[in-house]
Protein chains: 2
Amino acid sequence: MTSDKLAECLHTNPVVVRRTMGLLREAGIVTSDRGHSGGWRIAVDLNTVTLRQLHSALGEPAFFAMGNRNETPECLVEQAVNAALDDTFIKAEALLLERFSEITLADLAADFSRRYAEQRKQGR
Amino acid sequence: MTSDKLAECLHTNPVVVRRTMGLLREAGIVTSDRGHSGGWRIAVDLNTVTLRQLHSALGEPAFFAMGNRNETPECLVEQAVNAALDDTFIKAEALLLERFSEITLADLAADFSRRYAEQRKQGR
DNA sequence: GTTTCATGTAACTTATGTAGTTACGATTCG
DNA sequence: CGAATCGTAACTACATAAGTTACATGAAAC
């Protein structure tokens, strides 16, 4: 699929698509071809790609909105707060990563197919 | 403590302090007094205030950086992704809220005192 | 009662990060 | 060759949060 087509599907811009897909290509998850009949193609079995791999490929963006903390503050109050939160956030992140590594693109594809069949059955 | 003094401690601006502290006042956690020898005062026992209450008082800001999802998308792919993520994020949020409700300001104060004593012992 | 010191709050400015856009070069296929 | 497509740099637009200014309101000190 071309960047233009993907951008249309995602309601965004072809360049944004290329930027993001480029990261997936660096991780070996997709390939791209230039020129006529070029575009993006999945390079691996959907069963082998997990959300965790995608997250990693995309640069491990922060899970938490409160992650903008100074990790080595001089302030003792800040240190105490960090100590209290670190443990909590580390556990929550571990939980998220674990779940992410359990979900494959094949799972999502299967769920999509189910929803698609359901929608057709209802005559929409 | 005055907003000016707090702003200095927090390396921010007095108006920002008032905005935030105002939310805590609405929740009954602090009081404010105008005029001479005015400022902010804690209104409750530190043992009774949890991080969860603070979070709630501050308007329950989002925990997750990936929370900007359309909750009722037409797109079936989006629906499938949401279904996969919702469960995960709900569990993680529950974990965070649970931990937040276990941590009191008294806990933080105690940890601060410990750190302060430690620092003094080391002659800093 | 006037002065001084505070908060309360509206309005505006600044900073930051992300997404979007334009432009054009590089490459591939027909 | 020429059309299609990605690669990428550079710029713009936008949204959000923080910072700032300004001034009104209220309370204590003298």
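Since we're looking at a predicted model, the values are computed, not measured. Every chain is numbered from 1 and lettered A, B, ... according to where its sequence line falls, protein lines coming before strand lines.
Set against D/dG19, C/dT7, C/dT4, the side chain of B/Val16 has D/dG19 as its closest nucleotide.
Note on ring orientation: taking the six-membered ring where Trp is involved, the planes of A/Phe100 and A/His55 are perpendicular (angle over 60°, cut-offs 30° and 60°).
Note on A/Gly35: a base of the nucleic acid sits closer than 4.0 angstrom, heavy atoms only.
No side-chain N or O of A/Thr2 forms a donor-acceptor pair with one of A/Trp40 less than 3.5 Å apart. Side chains of B/Thr31 and B/Arg41: a donor-acceptor N/O pair is absent below 3.5 angstrom, by distance only.
Between B/Met21 atom CE and C/dG8 atom C1' the separation is 14 Å, expressed in whole Å. Between the P atom of D/dG7 and the CD atom of A/Glu26 lies a distance of 10 Å, rounded to the nearest Å. Atom CH2 in A/Trp40 sits about 16 Å away from atom P in C/dT27, given to the nearest Å. Distance, A/Arg34 CZ to D/dT5 P: 14 Å, rounded to whole Å. Between the P atom of C/dT22 and the CZ atom of A/Arg19 lies a distance of 13 Å, rounded to the nearest Å. In this entry the distance linking CZ of B/Arg18 with C1' of D/dT21 reads 12 Å, nearest Å. With rounding to whole Å, A/Asn13 atom CG is found 13 Å from C/dA23 atom P. A/Lys5 has its NZ atom 16 Å from the C1' atom of D/dA4, to the nearest Å.
Here A/Ser37 does not reach the OP1 or OP2 of D/dA4: none of its side-chain N or O atoms lies under 4.0 Å away. The side chain of A/Ser3 contributes an N or O atom lying less than 4.0 Å from OP1 or OP2 of D/dC6. For C/dA19, neither phosphate oxygen OP1 nor OP2 lies less than 4.0 angstrom from any side-chain nitrogen or oxygen of A/Thr12.
With salt bridges taken as basic N to acidic carboxylate O contacts below 4.0 Å, one links A/Arg99 and A/Glu102.
Across the interface with DNA chain D, nearest-nucleotide mapping of A/Asp33 and B/His11 shows A/Asp33 to be the residue nearer the 5′ end. In this structure, B/Met1 and A/Val15 both approach DNA chain C, and ranking their closest nucleotides by distance from the 5' end singles out B/Met1.
Without hydrogens or angle criteria, A/Ser56 side chain to A/Arg52 main chain gives no donor-acceptor distance under 3.5 Å.
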